[in-house]
Amino acid sequence: MYNIKRLWQRIINYIILGLLHCIVITLQMDLIIYSLLFALHVTLVCCSPGLLLDVVIDRYHIPRFCPREVQTEDFIRYHFNGTFYVDGKTFDSSHDRGKAFVSQVGLGRLITGMDRGLQGMCVNERRRITVPPHLAYGSIGTGGVIPPDAVLVYDVLLLDIWNTEDEVQIRTISKPATCRRTTVVSDFVRYHYNGTLLTGETFESSYSRNATYDTYLGQGDVIKGMDEGLLGMCLGETRIIIVPPFLAYGENGYGTVVPPQATLVFEVLLVDVFNPKDDLIVEVKEVPEGCTRRTVTGDYIRYHYNGTFQDGKAFDSSYQRNSTYNTYIGMGYVIHGMDKALQGLCMGEKRRITIPPHMAYGEEGIGELIPGSAVLVFDIHIIDFHNSKDSVQIQVTRKPQECNVTSEADDLIQYRYNCSLMDGTLLYSSDQYDSPSITILGANKVIPGLEEGLSGMCVGERREVIIPPHWGHGENGAGEVPGSAVLMFELELMELQKGVPEGYMFVWLGDGPDPLFPAMDLNGDKEVPLEEFSSFIMIQVKEGKGRLRPGVDADSIIKDMFNNQDQNKDGKIVEDELKLKEDEPEQVTRDEL
């Protein structure tokens, strides 16, 4: 019994082993068959390209940035080299023709293999597309160029993509924080740009010409896409404008610069914008307190300015020349916009003035300094202005309670002063010297306006005196004083010595002694030498009965007076020689009693 069981067990084991062996042999045979089939497949593909079932695509250069891929119904522009697979011989090349190929994808305008092989391609991508005969020109070939059953290889560089439904694409790169206005139809704009194809190849640039492109918007003066892309821009804004071919130069292109059916990419910086209806724009920056007078037509004005374009680029500055700009207002000596802007200003006021070109230098501009149709921006600071009818303005800032004696012509005065321009620039000051200034009023020793300002003052009185240039140093100026400058003097009268009329060295303050000679002859000896004459005069001055000319040495004056009366020059005056000034006016010129 036991042996029978063992026998059956052995039989079963042999059967199982036999089955496993058969399975192994079968698997080995299958593996061999599959290997043979794979080798056959490879041989068919590699050695017999006519048996390809579909296109083979080798994307050997893919750009890092691919915003758009080719889709069915897209139009594309591309370069290619077409070769035969079998021998690499070229049968066609857009490079050789010097013109890229343009077509629409997926609608049967290309061979089926290219319709498929171009799908999903990016601009600047390079592909090698291998097309089997049944997806190319089949068993017939074409025109003696492509033989029957030819496998074709296309080496393609994609240059452009667009669709009839495309619109102008706008992407803002930078924009000013403040945007007071945006461009609209009928505006005139000046802008810089770099123009490139979708491949990045530059076809034109305003920067290389060092001149903006200037045009009206919405009047057909530029391509439609640019007309649209420039709308809504702010001054100083930079944007990318992508224009499809049918909104650019279309099928014809633009000479040798823009190829046919090219999408254009513009990087635009808006430099300037205005409208023919624009008026002057005035922005008041600073107005000093106490403005009592404003400019009017006929005034002569001195002002500093910085002149810039709307993009901030400077074209002129009076500060750089260290000299104000001086002109009459409202008389056509400056551009119309400035003439208008200078009306109604205060001394010291600061304004920003924006002047459209039709109120400035128009379409012609000024040489290389100001381009045509440029909007000008002036930041001005009014230094002073005056009118030929202006008189000296006097404002008393302090006056003593007792003011019995005031300055007048022939008086000798001492005074302190600060002389400034109307913007506060200090020109001169008596504090720069060891002692106050001294002058005789009416002697033409100072400018007429200062003479006027110093007259009628009490000792200790202070004044602010504004002197127009025709009362000052005139159109030419003097020293540190600019031409046509209005001057402001701060004055204080320190001392006052009453004077004598012009031509006199001594005057009686009331009636003099009568008869005069006995009064002069102090010792009664009937003759008056110089010493006795000097003593007599000094007694009169001390007692307040007479006055010597101030500002001149007393001994010199007295000696001149004595010599004038000592007619025989014997060193003494006798009664017959004494003559009063009123006795012989035709012979007396000065110094007499």
Side-chain angles (χ1 to χ4, degrees), residues 279-310 312-357 359-361 366 369-370 374-390 392-393 419-428 449 464-489:
D279 198 356
L280 192 70
I281 299 175
V282 176
E283 182 181 356
V284 177
K285 295 289 188 178
E286 182 180 326
V287 179
E289 295 181 0
C291 178
T292 58
R293 174 180 174 182
R294 294 181 178 270
T295 54
V296 296
T297 297
D299 281 347
Y300 190 86
I301 189 169
R302 296 172 59 246
Y303 61 95
H304 270 302
Y305 70 88
N306 284 319
T308 63
F309 302 116
Q310 287 201 91
K313 181 180 178 181
F315 63 84
D316 195 13
S317 174
S318 64
Y319 294 99
Q320 291 182 350
R321 296 190 299 271
N322 196 30
S323 176
T324 57
Y325 191 87
N326 308 336
T327 188
Y328 285 97
I329 299 174
M331 301 177 70
Y333 292 116
V334 292
I335 56 176
H336 176 59
M338 184 61 79
D339 235 358
K340 186 175 180 180
L342 291 174
Q343 302 274 355
L345 287 157
C346 299
M347 285 191 190
E349 184 171 343
K350 295 180 179 180
R351 287 185 177 184
R352 171 165 292 177
I353 303 164
T354 303
I355 304 177
M359 300 181 74
Y361 296 101
I366 299 181
L369 180 64
I370 297 177
V375 178
L376 306 182
V377 180
F378 290 92
D379 286 294
I380 65 172
H381 179 201
I382 308 306
I383 303 302
D384 62 44
F385 60 88
H386 71 277
N387 195 284
S388 58
K389 300 177 182 178
D390 287 349
V392 177
Q393 300 177 45
C419 174
S420 306
L421 299 177
M422 295 305 294
D423 65 351
T425 301
L426 181 65
L427 300 178
Y428 303 105
E464 290 183 355
V465 180
I466 297 176
I467 302 174
H470 47 278
W471 284 79
H473 294 285
E475 295 181 359
N476 297 324
E480 297 297 321
V481 180
S484 300
V486 178
L487 301 178
M488 204 276 278
F489 279 87

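A heavy-atom distance below 4.5 Å is not found between the side chains of I281 and I353. In this structure, D379 and K350 have side chains that are not in contact, with every pair of non-hydrogen atoms separated by 4.5 Å or more. Put simply, the side chain of F385 does not reach to within 4.5 Å of the side chain of L342, judged on heavy atoms. At a threshold of 4.5 Å between non-hydrogen side-chain atoms, the residues M338 and Y303 count as touching. Two residues are said to be in side-chain contact when any heavy atoms from C-beta on lie closer than 4.5 Å; M359 and D279 meet this criterion. Using a 4.5 Å heavy-atom threshold, the side chains of T354 and V282 count as separate. Here the side chains of I466 and L487 are not in contact, with every heavy-atom distance at 4.5 Å or above. You'll find the side chain of I383 stays beyond 4.5 Å of the side chain of M347, heavy atoms only.
Across V287 and C346, no two heavy atoms sit closer than the pair CG1-SG, 4.3 Å. Minimum interatomic distance between V375 and P357 (heavy atoms only, all atoms of both residues): CG2-CD, 3.7 Å. Here the closest heavy-atom approach between residue G483 and residue R302 is recorded as O-NE, 3.6 Å. H304 approaches S318 most closely through the heavy-atom pair ND1-OG, 2.7 Å. In terms of heavy-atom proximity, P482 sits nearest to L421 at CD-CD2, 3.8 Å. Residue N306 comes nearest to S317 through the heavy atom pair OD1-OG, 2.6 Å, listed as atom of the first residue, atom of the second, then distance.
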Exercise. Please lay out, stage by stage, how R352 and K285 fare under the test side-chain contact (heavy atoms from CB on, under 4.5 Å).
Key: CA-CA 7 Å; R352 171 165 292 177; K285 295 289 188 178; 4.0 Å; yes
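Taking the six-membered ring wherever Trp is involved, the centroid distance between the rings of F309 and F315 falls below 6.0 Å.
With Y428 contributing its side chain and E480 its backbone, the two residues share a donor-acceptor pair below 3.5 Å. Side chain of D384 to main chain of V486: a donor-acceptor pair is present (N/O by atom type, distance under 3.5 Å, no hydrogens or angles). Formation of a donor-acceptor pair under 3.5 Å by the H470 side chain with backbone atoms of D390 is found in this model. Looking only at distances, no side-chain donor or acceptor of N322 sits under 3.5 Å from a matching main-chain atom of Y319.
Checked for salt-bridge contact, R294 and E349 meet the test: a charged N lies under 4.0 Å from a carboxylate O. Using a cutoff of 4.0 Å between basic side-chain nitrogens and carboxylate oxygens, R321 and D316 are scored as salt-bridged.
With values rounded to the nearest 0.5 angstrom, L376 atom CG is found 8.5 Å from T308 atom OG1. Atom-to-atom distance recorded for H336:NE2 and I355:CD1 is 9.5 Å, nearest 0.5 angstrom.
No option in T295, D299, T297 other than T297 meets the side-chain hydrogen bond (donor to acceptor under 3.5 Å, both in side chains) test with Q343.
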Enumerate donor-acceptor pairs with a distance under 3.5 Å from any side-chain N or O in residues 323-332 to protein atoms, sequence neighbours excluded.
from : atom 1 : to   : atom 2 : distance (Å)
T324 : OG1    : N326 : OD1    : 2.7

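Under a cut-off of 6.0 angstrom, the local environment of CD in E475 is sparse, with at most 12 non-hydrogen atoms contributed by other residues, nucleotides or ligands.
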